[in-house]
Amino acid sequence: MSLEDRLFEQRYQKIREIEALGFSAYPRKFAYPHTAAEISAKFEPVSGEDLEAQKVQVRVCGRLMTVRRQGKAGFCHIQQEGERLQIYVRKDEVGEAAFELYKKLDAGDIIGIEGLVFRTKTGELTVRAERLEFLAKAILPMPEKWHGLQDIEIRYRQRYLDLIANRQVREVFVKRDRIIRALRDALTQRGYLEVETPMMQQIYGGALARPFETHHNALDIDLYLRIAPELYLKRLVVGGLDRVFEINKNFRNEGLSMRHNPEFTMLEFYQAYSDYNDLMDLSEVLLRAAAEAANDGNPEVEFKGQKINFGKLRRLSMKEAIVEFWPNDETRPVPADLDDPKRVAELVDIYNGTIDSPLSLPAGASAGSCIQALFEHACEANLIQPTLIYDYPVEASPLSKKKPDDPNWVERFEIYAGGMEIANAYSELNDPQEQRRRFEQQVDQREQGEREAHEMDEDYIRALCYGMPPTAGEGIGIDRLTMLLTGSNSIRDVVLFPLLRPEGEIGVAERLRAAEESPDEH
RNA sequence: GGGCGCGUAGCUCAAUUGGCAGAGCAAGUGACUCUUAAUCACUAGGUUGAAGGUUCGAUUCCUUCCGCGCUCACCA
């Protein structure tokens with residue numbers, strides 16, 4: 001038998017021993033009027049003398065994290081909701097059976113305590129136990145108590161262990177909650193209605209990406225997990241829900257990276273009777289609110305060693321950005337150069353001369369595609385402070401309204417921070433005739449082998465035929481925003497259960513079976 | 001998919017140009033009624049990710065495979 005198996009059996013055996021002391025192995029409940037955090041917060045300001053005088057009685061529960069036994073007494077710390085609280089157990093105060101229980105406890109066990117709050121000699125707020133209750137057993141051992149759980153793979157695969165052992169992980173997800181709440185509150189206050197639209201779609205759209213495919217048996221139809229909720233949300237705007245938003249998952253069947261998880265959370269919101277200029281202003285408000293919510297009111301956060309200030313949102317046109325971040329002073333273009341297709345082709349050649357491997361552009365790529373590629377390569381990684389990039393080439397924006405004065409450009413903006421795209425917005429194309437033509441262009445591209453081109457969605461065009469008010473819409477990537485606002489380098493650090501390769505044999509069922517069959521040592 | 005790196009006790013980490021595989025924590029036994037990474041004594045714990053190769057001898061060098069991380073390409 002391996003050491004690991006022996007540890008498992010030893011701990012499993014303790015369940016029987018604890019039952020023999022008269023405790024239930026898996027009791028039903030433990031009523032606790034105070035959390036560990038509440039006790040700390042409420043009594044931290046109170047002096048030891050006052051605590052003695054007040055005889056403050058509390059009931060508290062949590063996971064045993066450290067144990068220090070000293071013969072007929074001892075200290076331990078429990079952890080509840082990320083907060084630790086010290087417990088003092090004395091044999092002469094809890095009684096024989098409870099003290100025997102205390103001696104058998106392992107780090108990781110769940111216990112309940114009733115007792116008086118006091119201060120130790122060193123001043124630490126502590127509960128002096130009068131009653132001790134056993135609530136659940138940790139049969140598997142806790143990670144190393146000092147270093148925590150370092151193994152990245154185990155942290156992601158067994159997030160529950162990560163959350164127990166690494167308290168800063170909990171903080172990230174608390175902040176994530178605050179960020180989402182701040183965004184939700186800000187929109188709700190502005191008259192927005194929160195809705196849910198289909199995750200399973202017969203025609204996927206609203207973005208350019210490869211979908212996950214699935215099948216519904218009763219209807220015998222193929223369905224796609226949505227790549228975006230956009231087209232459904234705009235149907236709702238047609239239906240008179242003038243301000244709608246949805247915070248939910250999107251699914252894209254693409255690679256994994258530090259910034260990509262196949263399922264990720266998007267906030268999308270649509271505002272009727274508005275254009276993208278209105279959303280620029282709103283974006284500034286939303287990002288600041290999210291940053292302040294995550295960071296105790298301070299809009300400046302630290303990400304990868306850089307201070308990023310979400311109190312400001314710089315605005316640059318895409319053309320201006322390319323000029324600003326052009327890598328070579330001698331060949332730097334002026335914005336007007338980017339309106340001339342021949343000049344754009346020259347600039348791509350010049351640009352390729354300054355970098356190791358040329359931009360990957362298909363033969364005969366349009367000027368717009370070239371401009372977008374130049375922007376992404378030259379600018380994206382350099383946009384550290386929150387920056388709003390506006391006015392995009394029409395080619396890769398099949399759902400955006402064109403600029404009134406130039407049909408090659410659309411009213412679209414994206415927001416970048418920390419070198420990552422975190423938001424995408426545009427004045428929504430609401431002319432069904434124009435939308436039909438754009439879809440048909442996308443279908444042509446698809447036939448030429450562009451897997452990510454948009455499909456024709458005739459019901460969506462039908463909806464536009466009933467009239468959609470002028471509308472602007474935006475999507476904000478919640479995971480990436482959370483990365484920025486929590487200083488997390490990887491999207492996996494802000495997603496509780498990121499997608500991983502399947503794990504090998506776990507073997508815990510076999511161990512439990514073996515433990516059950518092994519003879520009782522008592 | 002390409003490139004680079006890592007894999008040693010349950011956990012966190014050592015191991016000298018290739019020469020007996022170690023420590024702390026966790027675990028077991030004992031002592032201890034104000035400790036806090038409790039302390040002290042003793043005990044147990046390893047197919048060094050897997051398979052092959054070179055060598056008198058491999059955790060160490062080579063090959064292949066598996067897993068993970070970083071990075072580039074694609075994408076948000």
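Each chain gets a letter, A, B and so on, in the order the sequences are listed, and its residues count up from 1.
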Sugar-phosphate only, base, or nothing, as touched by [X] at under 4.0 Å among non-hydrogen atoms:
{"X": "A/Arg155", "result": "nothing"}
{"X": "A/Phe8", "result": "nothing"}
{"X": "A/Arg69", "result": "base"}

SB check A/Asp109 A/Arg63 (cutoff 4.0 Å):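 Salt bridge flag = no for A/Arg63 with A/Asp109.
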Nucleotide of [options] approaching [X] most closely (side-chain heavy atoms):
{"X": "A/Ile491", "options": "B/A76, B/G69, B/C68", "result": "B/A76"}
{"X": "A/Arg6", "options": "B/C13, B/A27, B/A44", "result": "B/A44"}
{"X": "A/Lys14", "options": "B/G10, B/G69, B/G28", "result": "B/G28"}
{"X": "A/Arg157", "options": "B/U12, B/G67, B/G28", "result": "B/G67"}
{"X": "A/Lys145", "options": "B/U12, B/U35, B/A26", "result": "B/A26"}

Is there side-chain contact between A/Leu359 and A/Leu374, with at least one heavy-atom pair below 4.5 Å?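 Yes; the side chains approach each other to less than 4.5 Å.
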So, does A/Arg68 get its side chain near the phosphate of B/A38, meaning an N or O under 4.0 Å from OP1 or OP2?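 Affirmative; the distance criterion is met.
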Quick one: does A/Gln86 reach the base of B/U35 with a side-chain donor-acceptor pair under 3.5 Å?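 In this structure, the two groups form a donor-acceptor pair.
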Looking at the base of B/G24, is there any donor atom on it, or on the side chain of A/Glu144, that sits under 3.5 Å from an acceptor on the other one?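 Yes.
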I want to know whether A/Tyr276 and A/Tyr426 have ring centres closer than 6.0 Å.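 No, ring centres 6.0 Å or more apart.
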Please give, in whole Å, the distance from B/A38 P to A/Leu64 CG?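 So the CG-P distance, A/Leu64 to B/A38, works out to 11 Å.
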Do A/Arg412 and A/Ser397 have side-chain atoms, one donor and one acceptor, less than 3.5 Å apart?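 There is such a pair between these side chains.
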Go nucleotide by nucleotide along RNA chain B from the 5' end; which of A/Leu149 and A/Asn261 gets its closest nucleotide reached first?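 The 5'-side residue here is A/Leu149.
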